[in-house]
Amino acid sequence: MTDTLPAMKVTTKGQVTIPLEVREQLGIRPGDAVRFHVDVAHHTATIVKVDLGEMSHGRRVAESLLGKGDVKMTTDEIMALTRGE
């Protein structure tokens, strides 16, 4: 695909819908993982479908949790709790 697609609006949550045409061409389906490669100098980002078979289970779990924590504790406080101190 070399055509420029229409501009998409970003939601307040930072979400953008990947156009159907792009999803079909890249074989992206619900539940698939994608990664963004950002080139700040050129103000561009490239979306890449990630083969989950290449990711370990632990890596998939860790990536799914990124940015979801809301605990107002320091790392030392959390570690103290897990150690029973």
Side-chain angles (χ1 to χ4, degrees):
M1 170 177 56
T2 57
D3 296 334
T4 301
L5 296 168
M8 307 297 288
K9 287 193 176 189
V10 179
T11 69
T12 56
K13 291 183 174 184
Q15 299 169 330
V16 177
T17 300
I18 302 170
L20 178 60
E21 179 181 353
V22 174
R23 286 180 280 151
E24 287 176 343
Q25 290 185 359
L26 295 178
I28 297 172
R29 292 181 175 69
D32 285 347
V34 295
R35 180 171 285 124
F36 293 91
H37 296 278
V38 178
D39 181 345
V40 177
H42 293 99
H43 304 285
T44 61
T46 304
I47 185 172
V48 178
K49 181 180 174 184
V50 176
D51 181 0
L52 291 179
E54 295 177 6
M55 274 188 179
S56 70
H57 175 70
R59 175 73 183 231
R60 286 194 304 270
V61 170
E63 286 199 10
S64 74
L65 295 173
L66 282 175
K68 295 188 178 177
D70 61 358
V71 176
K72 305 293 186 223
M73 298 173 71
T74 67
T75 302
D76 289 336
E77 291 169 331
I78 294 169
M79 294 305 293
L81 282 175
T82 61
R83 293 181 181 136
E85 296 174 8

I want to check something: taking the side chain as every heavy atom from C-beta on, are Val34 and Leu26 in contact at a cut-off of under 4.5 Å?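 The answer is no, as the side chains (C-beta and beyond) never meet within the 4.5 Å cut-off.
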
Under a 4.5 Å side-chain heavy-atom rule over Ile, Leu, Val, Met, Phe, Trp and Tyr, are Val38 and Val10 clustered together?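 No, Val38 and Val10 fall in different hydrophobic clusters.
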
For Arg35, which of Ile47, Val50, Thr46 qualifies under side chain to side chain contact (heavy atoms under 4.5 Å, CB included)?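 Single pass found, and it is Val50.
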
Cluster companions of Leu66 among Ile, Leu, Val, Met, Phe, Trp, Tyr (side-chain spacing under 4.5 Å):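 In the cluster with Leu66 there is nothing else; it is isolated.
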
Set of residues satisfying side-chain contact (heavy atoms from CB on, under 4.5 Å) with respect to Met73, sequence neighbours excluded: Val71, Glu77, Ile78, Leu81

Residues two or more places apart in sequence or in another chain: which of them pass side-chain contact (heavy atoms from CB on, under 4.5 Å) with Asp39?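 Testing Asp39 for side-chain contact (heavy atoms from CB on, under 4.5 Å), a comparison that skips the adjacent residues, returns Ala41, His42, Thr44.
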
What pairs of donor and acceptor atoms, side-chain ones from residues 13-20 against any protein atom, are under 3.5 angstrom apart with sequence neighbours left out?
none

Please list, chain by chain and in numerical order, all residues satisfying side-chain hydrogen bond (donor to acceptor under 3.5 Å, both in side chains) with His37, sequence neighbours excluded. none

